[in-house]
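Only one structure is covered here, and it is reproduced in the block below.
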Amino acid sequence: MVEGGEKEEIEGTELPQKEEISFSDQSQSYCVCFVSMVDSTETTLSFNDQPDKIRRYYSIFINTVSAMVRNFDAKVIKNTGTSLVYYFPKTSSSHDTLSAFKDVIECGISMIAADKVINMKLKEEGLPPMHYKISADYGRVEVARSLSSPDTDDLFGSTMNICAKINSMATPTGMVIGGDLYSIVKKFSSSFSSLFGRYNNPGSGSRYQFKKIGEYSISRGFKYQYPVYSVSLDEAKGHIALDVEKRILQIQPQQKKFSSHATFNTHASIMLVDDEPDILLTYKMYLNNAGYNVNAFTDPIEALTHFANADPNTYNLVLMDIRMPNLNGLQLYYRLKSINPNIKILFVSALDAAQEMVSVLPGIGIDDIIRKPVDNDQFLSKVKAAFKQK
């Protein structure tokens, strides 16, 4: 029995009572994020007690966004089934905060781009569409561990509470950030432009657009109106349009426009992306010798910009590495699919992540992942099979 709330007695022996949570002695400052499903209760009620559909509906959401979070070096704190809570350890003052804060914004933008991909996956499995909201903020938190999850940090404090509250202010499949995080983005604005400038026209500045959308009332000894900002791609400055369906519909099949430096066979045109020049040259040689037309890129951002500006019918297949700087293969996958949902993609990688990728990426199976190192016959066999599937 518990005595005075401090000890318990078991068979005549007094033992210290274990606390459910224990806090660390020091506070930390982190960027924290929430991503929550929109109207999930109403949607799942329509399943009429079909547990398999309910499980799959939530699994697709949680597993997909969790994989994206991990790709930006963030850590999942918890999931509630309808939402995921995560934070970015490198936004602590003891780390390189500039690149870490860039990852916070880029992770949210990538989740926005993934909306089309997630809904493709849902449609494949006969499930209704889904939308979600993303919120992020920065500030001091208290770090704790619990008995039920001793290996996972949990975060408490006003920063967590505010981030959860402002989530409702985001539009469906949109992102908002709190004023404290915005002040950091604004402080680093010139450096952000250099980090993100490779997407932009020369001198155009950051490709992200931050717009004040409202205020959230909080009390800090007095009533305070805390500003909230939306985050989006600035299409006037960036090369990547979000309303790509309109763009695609405007281009008729007979109006194909190919790049001036290459002549494409529309039935065998490949984009190749790998940040290692020697490997890229080897793959391009394999493909050229087999009669394929290839455009090769060592920079995934340059590849994405080229793909976004090209006719959607230019390429039939994209082969790319997973581990690349600035934009990794999973991030690039979501961006390419948001531009052309029908593009066939193969991954070439030494990473042992095949099962995870198959579970969260629609249209990707085990046969769509080529493990490094590869030889000529294996490589061309996979490519040939991919063209047969189209």
Side-chain angles (χ1 to χ4, degrees), residues 28 30-37 58-92 95-97 99-118 121 130 132-138 141 143 145 149-155 160 163 167 173 175 181 231 275 300-301 304 320-338 345 347-364 366 368-369 371-372:
Q28 295 285 346
Y30 290 126
C31 190
V32 300
C33 302
F34 284 69
V35 53
S36 62
M37 299 171 67
Y58 287 122
S59 293
I60 289 173
F61 169 69
I62 293 295
N63 290 334
T64 302
V65 297
S66 295
M68 297 185 71
V69 164
R70 289 192 292 272
N71 272 290
F72 284 95
D73 293 327
K75 289 187 177 181
V76 174
I77 302 171
K78 66 181 75 172
N79 80 76
T80 66
T82 61
S83 65
L84 200 73
V85 186
Y86 55 100
Y87 77 106
F88 291 78
K90 291 182 180 180
T91 53
S92 168
H95 293 81
D96 178 8
T97 54
S99 61
F101 281 104
K102 173 246 184 183
D103 283 344
V104 174
I105 303 300
E106 188 66 23
C107 182
I109 293 294
S110 292
M111 284 186 181
I112 293 173
D115 172 78
K116 295 180 180 65
V117 181
I118 290 174
K121 182 74 170 177
M130 170 193 303
Y132 43 88
K133 299 182 176 185
I134 307 154
S135 58
D137 207 359
Y138 176 78
V141 295
V143 183
R145 293 286 177 92
S149 303
D151 298 324
T152 304
D153 290 335
D154 203 351
L155 304 183
M160 296 293 294
C163 190
N167 188 270
T173 317
M175 180 181 185
L181 177 55
V231 183
D275 63 305
I301 293 178
L304 177 59
M320 60 184 176
D321 193 11
I322 296 175
R323 180 172 289 171
M324 297 183 290
N326 302 314
L327 201 68
N328 67 41
L330 297 186
Q331 298 161 7
L332 183 56
Y333 170 90
Y334 288 115
R335 303 299 177 79
L336 296 180
K337 282 289 188 178
S338 73
I345 296 175
F347 290 97
V348 187
S349 178
L351 295 179
D352 188 17
Q355 290 294 342
E356 180 183 39
M357 290 174 60
V358 169
S359 70
V360 301
L361 299 180
I364 297 294
I366 292 293
D368 298 319
I369 301 173
R371 291 294 304 272
K372 291 181 179 179

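In this structure, CG on L304 lies 6.0 Å from CG on L332, to the nearest 0.5 angstrom. Separation of atoms SG (C31) and CD1 (I105) is listed at 7.0 Å; rounding is to 0.5 Å. Atom-to-atom distance recorded for M320:CE and Y333:OH is 8.5 Å, nearest 0.5 angstrom. The line from SG of C107 to CD1 of I112 is 10.5 Å long, rounded to the nearest 0.5 Å. C33 contributes atom SG, which lies 6.0 Å from atom CE of M175 (distance to the nearest 0.5 angstrom). The CE atom of M160 sits 4.0 Å away from the CD1 atom of I77 when rounded to the nearest 0.5 Å.
When all heavy atoms of Y132 and A114 are compared, the closest pair comes out as OH-C, 3.6 Å. In this structure, T64 and I60 approach most closely via the heavy-atom pair OG1-O, 2.6 Å. Shown here for S92 and Q28, the closest heavy-atom pair between the two residues is OG-OE1, 3.7 Å. The two atoms that bring M68 and M111 nearest to each other are CE-N, 3.5 Å, heavy atoms only.
Counting heavy atoms from C-beta on, the side chains of L155 and V143 come closer than 4.5 Å. In this structure, the side chains of T82 and F61 stay at 4.5 Å or more apart for every pair of heavy atoms. By the 4.5 Å heavy-atom criterion applied to side chains, V104 and F72 are not counted as neighbours.
Scanning for ring pair (Phe, Tyr, Trp, His ring centres under 6.0 Å) contacts around F34 gives an empty result, with sequence neighbours left out. Taking K75 as the reference, nothing meets the salt bridge (Lys or Arg N to Asp or Glu O under 4.0 Å) condition, with sequence neighbours excluded. Every residue two or more places apart in sequence or in another chain that forms a side chain to side chain contact (heavy atoms under 4.5 Å, CB included) with D275 is listed here: D321, M324, P325. Residues passing the side chain to side chain contact (heavy atoms under 4.5 Å, CB included) test with D73 are K90, sequence neighbours excluded. Applying the ring pair (Phe, Tyr, Trp, His ring centres under 6.0 Å) criterion to Y87, with sequence neighbours excluded, gives Y30. For S83, the side-chain hydrogen bond (donor to acceptor under 3.5 Å, both in side chains) partners two or more places apart in sequence, or in a different chain, are T80.
Checking side-chain atoms of T91 against main-chain N and O of A100 turns up no donor-acceptor pair under 3.5 Å. Within the 3.5 Å criterion, the main-chain N or O of S66 finds no donor-acceptor partner in the side chain of Y86. Distance alone, capped at 3.5 Å, places no donor-acceptor pair between the N79 side chain and the L84 backbone. Judged by distance alone, with hydrogens and angles left aside, the side-chain atoms of S338 form a donor-acceptor pair with the main-chain N or O of R335 at under 3.5 Å.
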Do I345 and D368 pass the side-chain contact (heavy atoms from CB on, under 4.5 Å) test, and can you show the C-alpha distance, the side-chain angles, and the key distance before you say yes or no?
CA-CA 7 Å; I345 296 175; D368 298 319; over 6 Å; no
Criterion side-chain contact (heavy atoms from CB on, under 4.5 Å) on V32 and V85, from CA distance to verdict:
CA-CA 8 Å; V32 300; V85 186; 5.9 Å; no
